[in-house]
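Just follow the structure's listing: the first ligand is 1, and inside any ligand the first atom is 1. Quick caveat: nothing in here was measured; it's all calculated off a predicted structure. By convention here, the first residue in the shown sequence is residue 1.
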Amino acid sequence: MSIDDLPPLRQVIASHGLAARKSLGQNFLLDLNLTAKIARQAGDLSECDVLEIGPGPGGLTRGLLSEGARRILAVEKDARCLPALDEIARAAPGRLQVINADALELDPLAHLTPPIRVVANLPYNVGTELLIRWLTPPAWPPFWQSLTLMFQREVADRIVAQPGGKAYGRLAVLAQWRCDARIVMTLPPEAFTPPPKISSAVVHLKALPAPRFDADQKTLEMVVARAFNQRRKMLRAALKGLAPDIEDRLIAAGIKPTDRAETVGLEQFCALARQMKK
Ligand code: SAM
């Protein structure tokens with residue numbers, strides 16, 4: 001049997017008893033045209049290994065295979081999904097490895113050969129945590145070339161946000177410092193079974209070869225976390241505890257001490273991180 005001959009996903013869900021569980025963030029995509037379209041947002045996968053988190057009954061997995069992914073490592077926490085995923089693996093010999101594990105606990109690198117791209121319809125409860133881990137590895141460039149990820153629309157907006165709005169914060173700075181980040185698709189609740197309460201969006205993040213602006217990662221993370229923790233305060237107050245001469249350092253970084261975090265751009269935050277290291 002080839003992947004095109006596999007039964008429709010509704011039938012797979014019924015025959016394997018895969019009623020969606022809220023606790024695992026299960027909102028499934030059943031339209032294979034849609035999952036193929038999401039897979040295409042990740043670019044040409046024919047020379048790549050793909051890491052997929054949370055394949056569920058395998059809708060996106062099938063989209064990735066039909067779009068030509070060289071090999072997929074799929075990490076799924078829910079053991080109920082394994083028989084359905086095994087059927088897909090048998091229809092695409094040598095191209096799909098499934099690991100039954102919590103993606104937050106597993107180091108997938110031992111099972112992947114570069115170049116690697118990550119594509120996932122992430123469980124909402126672990127999505128942001130995984131993204132932050134992928135954005136803050138010990139060394140850059142990271143193990144992945146790109147991340148193509150489904151998020152709640154509100155989280156997607158925070159990743160691509162520009163200074164000046166409520167969505168702009170730590171996630172935007174971390175993502176845009178070393179990646180090109182854009183929203184490539186938006187999906188209404190009805191695209192999923194069962195439909196969630198909110199809309200979703202696919203974000204594509206492409207790793208840059210080097211950071212846009214020079215800064216020490218830990219210092220930048222710390223400054224940005226502090227600044228946005230008290231985002232309504234002026235920076236001279238929000239960052240007061242960091243250094244006695246914080247006003248001088250802000251000025252040296254080209255930032256007015258009376259500015260608030262949400263008006264400060266990426267380049268200025270990097271300049272401030274460099275000032276804090278002095
Ligand atoms: N990819 C499928 C699709 O698009 O229809 C399912 C997406 S559903 C939003 C999220 C999937 O992630 C579920 O299959 C769920 O069981 C799985 N999951 C939840 N938490 C997980 C974790 N910590 N590690 C791995 N998989 C997880």
Side-chain angles (χ1 to χ4, degrees), residues 3 6-14 16-42 45 50-67 69 72-89 92 96-109 111-112 117-134 147-156 184-203:
I3 43 172
L6 288 164
L9 284 156
R10 262 184 214 291
Q11 195 177 316
V12 172
I13 286 176
H16 292 285
L18 299 179
R21 289 202 177 138
K22 218 175 170 176
S23 60
L24 286 166
Q26 291 182 335
N27 302 99
F28 300 133
L29 290 167
L30 305 186
D31 176 350
L32 290 169
N33 290 318
L34 185 58
T35 60
K37 190 172 170 194
I38 296 168
R40 285 198 292 278
Q41 308 305 319
L45 299 173
V50 175
L51 171 62
E52 186 192 358
I53 306 298
L60 183 55
T61 320
R62 283 164 67 168
L64 289 163
L65 288 168
S66 70
E67 289 304 310
I72 302 173
L73 173 69
V75 182
E76 174 56 62
K77 188 172 173 181
D78 185 355
R80 294 181 310 155
C81 298
L82 299 182
L85 294 167
D86 189 48
E87 281 170 12
I88 304 174
L96 173 61
Q97 179 185 358
V98 180
I99 298 185
N100 181 206
D102 183 336
L104 294 170
E105 309 282 326
L106 178 87
D107 175 7
L109 280 187
H111 308 274
L112 290 161
R117 297 190 187 180
V118 181
V119 184
N121 175 9
L122 287 169
Y124 290 145
N125 43 359
V126 293
T128 318
E129 178 160 357
L130 282 171
L131 174 65
I132 288 177
R133 286 192 198 181
W134 289 326
L147 310 172
T148 306
L149 307 172
M150 179 91 68
F151 285 105
Q152 292 155 267
R153 178 66 207 248
E154 175 250 322
V155 176
V184 289
M185 277 174 78
T186 53
L187 289 91
E190 312 82 76
F192 301 85
T193 304
K197 290 205 175 66
I198 26 88
S199 296
S200 301
V202 178
V203 183

Asks: For atom 20 (N) of ligand 1, what is the nearest protein heavy atom, given as residue, atom name and distance?
Replies: P123 CG, 3.6 Å
Asks: Is there a side chain to side chain contact (heavy atoms under 4.5 Å, CB included) between L131 and F151 once you walk through the steps?
Replies: CA-CA 10 Å; L131 174 65; F151 285 105; 3.9 Å; yes
Asks: Which is it for P55 and ligand 1 at heavy atoms under 4.0 Å: side chain, backbone, both or neither?
Replies: backbone
Asks: If only atom types and distance count, is the side chain of R21 paired as donor or acceptor with the main-chain N or O of Q26 below 3.5 Å?
Replies: no
Asks: Please list the nearest protein heavy atom to atom 13 (C) of ligand 1 with its residue and the distance rounded to 0.1 Å.
Replies: Q26 CG, 3.6 Å
Asks: Test your reading of the structure: does L29 have an N or O sitting under 3.5 Å from an N or O of ligand 1?
Replies: yes
Asks: Does Q41 reach the main-chain N or O of K37 with its side chain, forming a donor-acceptor pair under 3.5 Å?
Replies: yes
Asks: Tell me the contacting part of A101 for ligand 1: side chain, backbone, both, or neither, using a 4.0 Å heavy-atom threshold, strictly below.
Replies: backbone
Asks: For a 4.5 angstrom cut-off between non-hydrogen side-chain atoms, does I72 reach L65?
Replies: yes
Asks: Taking the side chain as every heavy atom from C-beta outward, state whether R62 and V12 have any pair of such atoms under 4.5 Å apart.
Replies: yes
Asks: Does a side chain donor of either N100 or E76 reach within less than 3.5 Å of an acceptor in the other side chain?
Replies: no
Asks: Would you say M150 contacts ligand 1, with heavy atoms under 4.0 Å as the rule?
Replies: no
Asks: Just need the protein heavy atom nearest to atom 27 (C) of ligand 1, so name the residue and atom and give the distance.
Replies: K77 CB, 3.7 Å
Asks: Is any side-chain heavy atom of F28 less than 4.5 Å from a side-chain heavy atom of I13?
Replies: yes
Asks: Would you mind running through ligand 1 and noting each atom that sits below 4.0 Å from a heavy atom of A103?
Replies: 22 (C), 23 (N), 24 (N), 25 (C)
Asks: So which protein heavy atom does atom 4 (O) of ligand 1 come closest to, and at what separation?
Replies: N121 ND2, 2.8 Å
Asks: Is there side-chain contact between L64 and L45, with heavy atoms separated by less than 4.5 Å?
Replies: yes
Asks: Can you name the nearest heavy-atom pair linking V119 to A42, along with the distance?
Replies: CG2-CB, 3.7 Å
Asks: Less than 4.5 Å apart, side chain to side chain, heavy atoms only: is that true for V118 and T148?
Replies: no
Asks: Answer with yes or no whether the side chains of S200 and Q152 bring together a donor and an acceptor at under 3.5 Å.
Replies: no
Asks: Give me the nearest non-hydrogen protein atom to atom 23 (N) of ligand 1 as residue plus atom name, then the distance to 0.1 Å.
Replies: D102 OD1, 2.8 Å
Asks: Verify the neighbour count for atom CZ of R133: are there more than 12 heavy atoms of other residues, nucleotides or ligands below 6.0 Å?
Replies: yes
Asks: Should one rank A120, S23, G54 by closest heavy-atom distance to atom 1 (N) of ligand 1, which comes out on top?
Replies: G54
Asks: Closer than 4.0 Å to some heavy atom of V75 - which atoms of ligand 1 meet that?
Replies: 25 (C), 26 (N)
Asks: Using a 4.0 Å heavy-atom cut-off, say whether R21 meets ligand 1 through its side chain, its backbone, both or neither.
Replies: neither
Asks: Is there a heavy atom in G25 that sits closer than 4.0 Å to ligand 1?
Replies: yes
Asks: Can you name the atoms of ligand 1, numbered from 1 with element, that are less than 4.0 Å from a heavy atom of N27?
Replies: 7 (C), 8 (S), 9 (C)
Asks: Judging by distance only, is a nitrogen or oxygen of V126 under 3.5 angstrom from one on ligand 1?
Replies: no
Asks: Do any nitrogen or oxygen atoms of E76 lie less than 3.5 angstrom from nitrogen or oxygen atoms of ligand 1?
Replies: yes
Asks: Looking only at protein heavy atoms, which one is nearest to atom 19 (C) of ligand 1, and how far off is it?
Replies: L24 O, 3.2 Å
Asks: With heavy atoms of G56 as the reference, note each atom of ligand 1 found under 4.0 Å away.
Replies: 14 (O)
Asks: So if I count the atoms of ligand 1 from 1 in the order they appear, which ones are less than 4.0 Å from some heavy atom of D78?
Replies: 16 (O)
Asks: Just jot down the ligand 1 atoms closer than 4.0 angstrom to any heavy atom of E52, in number order.
Replies: 1 (N)
Asks: With a 4.5 Å limit on heavy-atom distance, are the side chains of R153 and L187 in contact?
Replies: no
